Amino acid sequence: MKKASALSAKDQVQGEDTKYFPQRIEQKWQEIWLKEKIYQPDLHSAKRPYYNLHMFPYPSAEGLHVGNVYAFTGADIHGRFKRMQGFDVFQPFGLDGFGIHSENYALKIGSHPMEQAKKSEKRFYDQVKSLGSGYDWSHILETYDTDYYRWTQWIFIELFKSGLAYRESVGVNFCPSCMTVLADEQVIDGQCERCGAEVEKKELKQWMFRITEYAEQLLEGLDKIDWTEKVKTAQRNWIGKSQGAKITFRVADTDNDLSVFTTRPDTLFGATFMVVSPEHPLVKEWMSNPGVSDYVAKAKIRALEKDLSDREKSGVFSGAYVINPINNQQMPVWIADYVLMSYGTGAIMAVPGHDQRDYEFARKYELPIIQVIQHESANITKEAYTGEGKLINSGEWNGLLAPKDKDKIIAYLQERGLATESTNYHLRDWLISRQRYWGPPIPMIYCEHCAKEGRSWFTSKEGVSSKYLVNRESLQAVQHQTLSTQMPGWYPDENLPIELPYIEDYKPIGASSENSEATSPLGRHPEFYTVNCPSCGKEAKRETDVSDTFLDSAWYFYRYTSTSDNDHAWDEGVGKLWLPPTIYTGGAEHSVLHLLYARFLTKVSHDLGLVDFDEPFPRFFAHGLIIKDGAKMSKSKGNVVVPDEYIKKFGADTLRTYLMFLGPFNMGGDFRDSGIEGMFRFMKRIWVLLSSQTIISKEVDSSAKSEMHKAIKGVTEDIEGFHYNTAIAKIMTYYNFLSEQKEISLTEAKVLLQLLAPFAPHITEELWHRLGEQGSIHTSVWPAFDQKFIESGDTVIAVQINGKLRGTFVLNDPQASQEEVERIAHEDFSVQKHLEGKTIKKAIYVPGKILNFVVAV
RNA sequence: GCCGCGGUGGUGAAAUGGUAUACACGGGGGCCUUAAGAGCCCCUGUUCUAAAAGGACGUGGGGGUUCGAGUCCCCCCCGCGGCACCA
């Protein structure tokens, strides 16, 4: 018998078969798997459904990125592992192909998005197939497919009917380069997320989704889902709940009220002036006062500047005063742009003694500063004191603790009708319309004739007797009181799909600043937008905006499980069986946008009675980012790693395993060429060991068995916890152990292959068959481990004495009897001290577990 | 500023409170080979000693809990990510 390690070069080239050529086996198995439907569970009758979802990519025409490979592989390993554990794993794939990114690319290379999409699609699918992931290719989807976006449009209509989609003139972020509006989330430091151009502010009529209506639910839901804390925190920050009070001030010598939101009503006695935003409605009344109109004009310009955080505050006295209801003091009202109209009421009570921003403002304009919170570290001659303390100079409140007694103070104000308890969120409504071409047309029709007479869908028979949102009283109120007047003339076009027409002039033309209506490419095509009003039948105009791509991706996981083109998944039994996805894997960069929108739509679907769950992703795992030479990969840096060449040279198995070996899956890693060669060497060694070595059918002897079970246990737990890098290390350790054996039993060989199978599906499948196995390794049963072998050898025994942990020691003999264990405990240095001079009355010994000594006194 | 995550060899990184550095990369030496490549074997935290044996020191810094701390607690320092004139 010859040892594998002693195999010389000659032996290897003797037969082609003894050498590892990934190119020769990978495609072969991919075709067989497809033919044998290894990865296609029966969606109707799965016994243990496991919906293994990962974020679908946008199909960049440059092709697959190594970051995609990383993400897909990590999810695939999880799926393969679960499949081998006996689950009916459903792992679908699709493309998020609509949107600015694809459209801009088409523009750049001078092709049409519709044609480009087909090309990118083919290339992308081919590349993904070469990775050997276990996708069910009979359930793919593309968001630009008519059969897909008819349901995107259907969802839009459902939201419209629910009063959750509405039109409003809003100050929007407008990207002059992309010629479209952007959601707040898509503006980074005042720049467009996509192209980096400086974003402008514009007033435009836009379609909005009332996501703020769900702020509280979106926040509460986070507590019951299994997500990484990092992502939950990002969402909490984004929703930005703060609780406090709304206090109303009377403007002196007028009938006007000025309300403010504050989280610190306890400092009310410290308020010395008021500040309103330049956009505040009351500012109109003060325009003629000296300096006001000048300042408001100046603020408008300043609003476009990007770095707002540390510029000097500025403002102007409005000329008006308000009365502080708590002490009837007159306070001047100032206008300053450090107060934002978009948050709270657009006005604040300034408490310069205890708010640093107000403090700076007061210093600059020489406004009075009063200290109302006493604390040894408070020194308001230098800066505002924002910490806790005892109230002073606060009338009846003196001696109360701030902010601890906030609730008492709110109750006090509330009793006297001076304030109400109030909650504010940073979350804004979701701006959904885009003045672009490459997206699903918004399925709405505007009829001027109906509008003039105040008619709309909301005044129609269906609208009046609406079944929508019966679960949400607050929205019913919105619907019946305001929607019919807010949205005159608007009707959904339920004749879906509203197909996106092929037009040559799809280039964005933007919005003219004089006109409050933005113009979309479709707006140049009367043959598209001229329709008859669904209500009165007269000539009407179809909406020419398309919807935000994030709408497409907020519901796609429902579509995967649908079994026919003419139905949406969640009506069917199949959806009930599979939804929501068992686990969702994806990049943390989507923490806020995509995940929040998907949660919102699912909550709406739940309220509409479409689904019986209200969180789309009960479990979400965020993977890390692959970088190159310490920097994020990007075209501009020229450090994008294209996987094709690596697959060609080393095979998909090596690339997959190498990527997973780089570092913990939730942390990402740095891609290096030298590392991948090491992984290729490992694959070759596995090949040589298991294809050239004589594998014999013999019992595994007991020390080898211990190693085997240790490996199975370690790898199982590591894969379960997404610690892929350590799982691979353990497989390598086990390989090293086996390669030093004189002979390897069939059982050991099979176990080694099975442990490696999720990472390197092709080579393991090939060798599995060479060992004479019949079925696919990927549907074989994941090896079980025996606990007692694991704990042998180097078991650490924890010692409790009378219930308290008193020490631990290494137990070398797994077969040790209870008496021996007691004797060793006595001898062990760390335990000795506690047992000295005492006798053990009772010792409970569970191998590998805790040893509980009851010591006689 | 607030929140979250991290700091361990030359590098990527391992370690339910129990022999710190598993596994791999890189580096050094050797075998094989006409040669190159591939493959195989040995060494590889720092330091003391000519070397070995052996010892000392070592997980960003300082304290603490513990028989025992990379791990738990407190206070700092540094790096990364998110939010940010949010009242």
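Quantities reported herein were computed from a predicted structural model and do not represent experimental measurements. We name chains A, B, ... by the order of the sequence lines, and we start the count at 1 in each one.
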Chemist: Please state how far atom CD in Glu717(A) lies from atom P in A14(B), giving the value in whole angstrom units.
Modeler: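 Going from Glu717(A) (CD) to A14(B) (P), I get 16 Å.
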Chemist: Return the nucleotide paired to U65(B): Watson-Crick means purine N1 to pyrimidine N3 with N6-O4 or O6-N4, wobble means G-U with N1-O2 and O6-N3, both under 3.5 Å.
Modeler: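 No nucleotide pairs with U65(B).
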Chemist: Could you tell me how far apart Phe665(A) (CZ) and A13(B) (C1') are, to the nearest whole angstrom?
Modeler: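 That distance rounds to 17 Å.
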Chemist: If we ignore hydrogens and angles and just use 3.5 Å, is the side chain of Lys232(A) paired with the main-chain N or O of Leu222(A) as donor and acceptor?
Modeler: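 Yes; judged by distance alone, with no hydrogens or angles, the pair exists.
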Chemist: If we ignore hydrogens and angles and just use 3.5 Å, is the side chain of Thr262(A) paired with the main-chain N or O of Arg264(A) as donor and acceptor?
Modeler: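 A pair under 3.5 Å: yes.
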Chemist: Taking ring-ring contact (aromatic ring centres under 6.0 Å, His included) as the test, write out the residues that go with His426(A), two or more places apart.
Modeler: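 ring-ring contact (aromatic ring centres under 6.0 Å, His included) list for His426(A), sorted by chain: Tyr343(A).
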Chemist: Determine the Euclidean distance between corresponding C1' atoms of A15(B) and C23(B); express it in Å to zero decimal places.
Modeler: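 Going atom to atom, C1' in each nucleotide, I get 12 Å.
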Chemist: Can you tell me, in whole Å, how much space there is between the P of C25(B) and that of U16(B)?
Modeler: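 The answer is 24 Å between these two P atoms.
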Chemist: Roughly how many Å apart are G30(B) and G62(B), using the P atom of each and rounding to a whole number?
Modeler: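 My reading of the P atoms in G62(B) and G30(B) gives 43 Å.
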Chemist: Base, sugar-phosphate, or nothing: which does Leu662(A) touch, judged by heavy atoms less than 4.0 Å apart?
Modeler: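 Touches sugar-phosphate only.
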Chemist: So which nucleotide does A15(B) pair with, by the Watson-Crick or G-U wobble rule with both distances under 3.5 Å?
Modeler: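 Across any shown strand, A15(B) pairs with none.
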Chemist: Rounded to whole angstrom, note down the C1' distance from C74(B) over to U65(B).
Modeler: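 Taking atom C1' in both C74(B) and U65(B), they lie 11 Å apart.
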Chemist: Tell me the partner of G26(B), counting only Watson-Crick (N1-N3 plus N6-O4 or O6-N4) or G-U wobble (N1-O2 and O6-N3) with both under 3.5 Å; none if nothing fits.
Modeler: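 Paired with U44(B).
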Chemist: With nearest nucleotide decided by heavy atoms, which residue, Lys230(A) or Ser314(A), maps closer to the 5′ end of RNA chain B?
Modeler: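 Of the two residues, Lys230(A) wins.
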Chemist: On RNA chain B, does the nearest nucleotide to Ile348(A) precede the nearest nucleotide to Gly669(A) from the 5' side, or the other way round? Give the residue.
Modeler: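 With Ile348(A) and Gly669(A) compared, the 5'-side residue is Gly669(A).
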Chemist: Kindly say whether, by distance alone, the side chain of Lys313(A) makes a donor-acceptor pair under 3.5 Å with the base of C85(B)?
Modeler: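 Looking at the base of C85(B), it does pair with a donor or acceptor on the side chain of Lys313(A) (distance under 3.5 Å).
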Chemist: Given the P atoms of C80(B) and C67(B), what is the spacing between them in whole Å?
Modeler: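 To the nearest whole Å, 41 Å.
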Chemist: Pick base, sugar-phosphate or nothing for Val351(A), based on heavy-atom distances below 4.0 Å to the nucleic acid.
Modeler: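 The answer is nothing, as Val351(A) stays clear of every strand by at least 4.0 Å.
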Chemist: Just by distance, no angles: are the side chains of Tyr658(A) and Asp653(A) close enough, under 3.5 Å, to form a donor-acceptor pair?
Modeler: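 Result is no, nothing qualifies.
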Chemist: Please work out which of the three classes, parallel, tilted or perpendicular, describes the rings of Tyr646(A) and Phe650(A), given edges at 30° and 60°.
Modeler: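 Rings of Phe650(A) and Tyr646(A): parallel, as their planes differ by under 30°.
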Chemist: Do Tyr385(A) and His375(A) have ring centroids that are under 6.0 Å from one another?
Modeler: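 Yes - the distance between ring centres of His375(A) and Tyr385(A) falls below the 6.0 Å cut-off.
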Chemist: For nucleotides G79(B) and C41(B), find the distance between their P atoms and express it as a whole number of Å.
Modeler: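 Taking atom P in both G79(B) and C41(B), they lie 44 Å apart.
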Chemist: What's the gap between G4(B) and C72(B) when it is taken at their P atoms, as a whole Å value?
Modeler: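 G4(B) and C72(B) have their P atoms separated by 15 Å.
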Chemist: Under a 3.5 Å limit for both distances, which nucleotide forms a Watson-Crick or G-U wobble pair with U59(B), could you say?
Modeler: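 Partner of U59(B): none found under 3.5 Å.
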Chemist: Whether the side chain of Tyr734(A) engages the backbone of Ala729(A) through a donor-acceptor N/O pair (distance < 3.5 Å, no angle test) should be reported.
Modeler: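 No; zero donor-acceptor contacts below 3.5 Å.
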Chemist: Any idea if G9(B) is syn or anti, going by the 90°-from-0 cut?
Modeler: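 Base orientation relative to the sugar is syn.
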Chemist: Using purine N1 to pyrimidine N3 plus N6-O4 or O6-N4 for Watson-Crick, or N1-O2 and O6-N3 for G-U wobble, each under 3.5 Å, what pairs with C5(B)?
Modeler: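 Matched C5(B) with G79(B) under the 3.5 Å cut-off.
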Chemist: Once you round it to whole Å, what is the distance between C1' of A14(B) and CZ of Phe722(A)?
Modeler: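 Phe722(A) atom CZ is separated from A14(B) atom C1' by 20 Å.
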Chemist: Tell me: CG of Leu595(A) to C1' of G82(B), nearest whole Å?
Modeler: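 Rounded to whole Å, this separation is 14 Å.
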Chemist: Should the ring pair His623(A) and Tyr70(A) be called parallel, tilted or perpendicular, given that the plane angle runs from 0 to 90° and is split at 30 and 60?
Modeler: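 Rings of His623(A) and Tyr70(A): perpendicular, as their planes differ by over 60°.
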Chemist: Within this structure, what is the CG-to-C1' distance between Leu625(A) and C5(B), rounded to whole angstrom?
Modeler: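 The answer, rounded to whole Å, is 15 Å.
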Chemist: Determine the interatomic distance between C1' on A20(B) and the same-named atom on C31(B); round to the nearest Å.
Modeler: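 Between the two C1' atoms, the distance is 33 Å.
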Chemist: Between C83(B) atom P and Tyr343(A) atom OH, what is the distance in whole Å?
Modeler: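 Those two atoms, OH and P, are 17 Å apart.
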Chemist: Rounding to an integer number of Å, can you tell me how far Leu596(A) CG sits from G82(B) C1'?
Modeler: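 Rounded to whole Å, this separation is 14 Å.
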Chemist: Check the pair Trp334(A), Phe361(A) against ring-ring contact (aromatic ring centres under 6.0 Å, His included), reporting the backbone distance first and the verdict last.
Modeler: CA-CA 10 Å; Trp334(A) 284 67; Phe361(A) 194 79; 5.6 Å; yes
Chemist: In whole Å, what is the span from the CG atom of Asp670(A) to the P atom of C25(B)?
Modeler: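 In whole Å, C25(B) P and Asp670(A) CG are 17 Å from each other.
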Chemist: Could you list all N or O pairs between the protein and nucleotides 21-24 of chain B that sit under 3.5 Å apart?
Modeler:
residue, atom, partner, partner atom, Å
A24(B), OP1, Asn736(A), ND2, 3.4

